[in-house]
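Structure first, commentary second.
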Amino acid sequence: MYIMQILLVEEDDADETQVRDSTQCTVLVKCVVFGFIYPTCVIFATVSIILTCWWNGKSNFYIWHVLLTGIGFIVLMATGIFILRGHRLVQRATYTTRRTIHWIVQSIAVAFILTGTVLQYINREMKHKHHFTSAHSIVGLVSVAFIVVSLASGMVALFGWELRKRLKPLWSKRLHRAAGVVGFLAGIAALGLAYDKHIFKEYLSKDVRLALLGTTVLTALICLMGVLKKVYNYFWETCTFCSNENLILDCSDD
């Protein structure tokens, strides 16, 4: 009997050690991903876009379109999402504070993106060119449309006291988050398609443009890790016939 108790104690200690090691490994991975890989990707993509626009000159509306939309998506919008996730770098701030910073940063991002889009529209009008004739322009238009919807629903969730009587805040927040995710992913896709444009091909080699595409996609995946995890869990539980009342785009703090 005494021997059995010793074995049980040793088994419990082994389980606790395994859990502790697993937790430490998870913390280490998160530190590497969020503390090194993510900022490296953002810096590399940002510097590449700025240098490319600088080398092409600053007097063209098209250059400003690339610069403003690129910074808007890869820096500002990604940062706004990153802050709301509650990473350890901002975990001391309350959710209300992070939400305030989130909508301020996202509003600036939307201003950048819309300004860049309008400038490109004017640029093509001045050159008497047709609009939305390429995959890049069409995906970009889809992105702008969803971003506007996300902005409008976000404003309703924050300030639309009268509209809240007709539309529950929970659903307006879910619409805001869903439209924001789709708009962000579409914007990243449009940005990736832009890397094959002459403005990048002229100054960046194929390997550099491939690395730029990889860092851009990786930035988006890291930002949306929480949403992607919920999507995975939803489909896993659906396929295994497990019930879960939590929605994919739950509005609770990640």
Side-chain angles (χ1 to χ4, degrees), residues 31-85 87 89 102 105-124 132-144 146-147 180-225 228:
C31 288
V32 172
V33 171
F34 297 118
F36 177 73
I37 296 178
Y38 173 76
T40 300
C41 291
V42 173
I43 292 173
F44 177 77
T46 304
V47 171
S48 299
I49 293 173
I50 292 176
L51 288 178
T52 301
C53 293
W54 179 269
W55 291 329
N56 279 273
K58 304 180 291 296
S59 59
N60 193 327
F61 278 178
Y62 176 68
I63 303 301
W64 283 103
H65 161 71
V66 175
L67 180 63
L68 291 175
T69 53
I71 298 300
F73 279 113
I74 203 67
V75 179
L76 295 173
M77 189 161 286
T79 300
I81 297 172
F82 190 73
I83 290 173
L84 193 61
R85 290 189 68 254
H87 182 250
L89 296 176
H102 165 77
V105 174
Q106 296 299 75
S107 298
I108 298 173
V110 172
F112 270 57
I113 294 168
L114 291 181
T115 302
T117 303
V118 171
L119 289 178
Q120 175 60 358
Y121 185 90
I122 296 174
N123 178 61
R124 296 188 70 87
F132 313 117
T133 57
S134 65
H136 164 75
S137 59
I138 294 174
V139 175
L141 178 62
V142 171
S143 173
V144 171
F146 276 98
I147 287 174
V181 169
V182 175
F184 178 66
L185 288 177
I188 292 297
L191 196 57
L193 293 171
Y195 296 151
D196 281 333
K197 298 288 185 178
H198 66 89
I199 182 175
F200 289 97
K201 285 185 175 181
E202 186 175 356
Y203 293 97
L204 301 180
S205 65
K206 183 178 180 180
D207 293 336
V208 174
R209 285 186 283 111
L210 184 61
L212 183 57
L213 177 61
T215 53
T216 300
V217 172
L218 191 56
T219 298
L221 293 178
I222 293 175
C223 288
L224 299 177
M225 189 174 293
L228 295 176

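Note: hydrogens, waters and symmetry copies are ignored here, and every other heavy atom, side chains too, is used.
- For CH2 of W54, the number of neighbouring non-hydrogen atoms (other residues, nucleotides, ligands) closer than 6.0 Å is 12 at most.
- Each of V139, V110, I113 was scored for a side chain to side chain contact (heavy atoms under 4.5 Å, CB included) with V144, with one residue passing: I113.
- When all heavy atoms of H136 and A190 are compared, the closest pair comes out as ND1-O, 2.8 Å.
- Take S134 and apply the side-chain hydrogen bond (donor to acceptor under 3.5 Å, both in side chains) test, not counting sequence neighbours, and it matches S137.
- Within the structure, side chain to side chain donor-acceptor pair (under 3.5 Å) pairs that include any residue of residues 107-124 comprise Q120-N123 (at least two apart or interchain).
- Sorted by first and then second residue, the side chain to side chain donor-acceptor pair (under 3.5 Å) pairs involving residues 33-42 (not counting sequence neighbours) form an empty list.
- I43 CD1 to S48 OG: the interatomic distance, rounded to the nearest 0.5 Å, is 11.5 Å.
- Smallest separation of non-hydrogen atoms from L76 and Q106: O-OE1, 3.5 Å.
- Atom CZ of F44 sits in a crowded spot, with more than 12 heavy atoms from other residues, nucleotides or ligands closer than 6.0 Å.
- Here the side chains of F112 and V75 are not in contact, with every heavy-atom distance at 4.5 Å or above.
- Minimum interatomic distance between W64 and L119 (heavy atoms only, all atoms of both residues): CB-CD1, 3.8 Å.
- The side-chain heavy atoms of I188 and I74, taken from C-beta on, include a pair separated by under 4.5 Å.
- Contact record, A78 with T219: CB-CG2, 4.1 Å, taken as the closest heavy-atom pair.
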Expected list for residues 65-73: side-chain donor-acceptor pairs under 3.5 angstrom, two or more places apart:
residue	atom	partner	partner atom	Å
H65	ND1	G116	O	2.9
T69	OG1	H65	O	2.5
T69	OG1	V66	O	3.4

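- The distance from atom OH of Y62 to atom CG of N56, rounded to the nearest 0.5 Å, is 8.5 Å.
- Across T215 and L212, no two heavy atoms sit closer than the pair OG1-O, 2.9 Å.
- Residues V42 and T46 come closest through the heavy atom pair O-OG1, 2.6 Å.
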Ignoring hydrogens and angles, write down the donor-acceptor pairs under 3.5 Å from the side chains of residues 204-211, residues two or more places apart or on other chains.
residue	atom	partner	partner atom	Å
S205	OG	V208	N	3.4
R209	NE	L204	O	3.4
R209	NH1	D196	OD1	3.4

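- Applying the side-chain hydrogen bond (donor to acceptor under 3.5 Å, both in side chains) rule to T216 yields the partners Y195; only residues at least two apart in sequence or on another chain are considered.
- For the atom pair CZ (F200) and CD1 (I49), the distance works out to 5.5 Å, reported to the nearest 0.5 Å.
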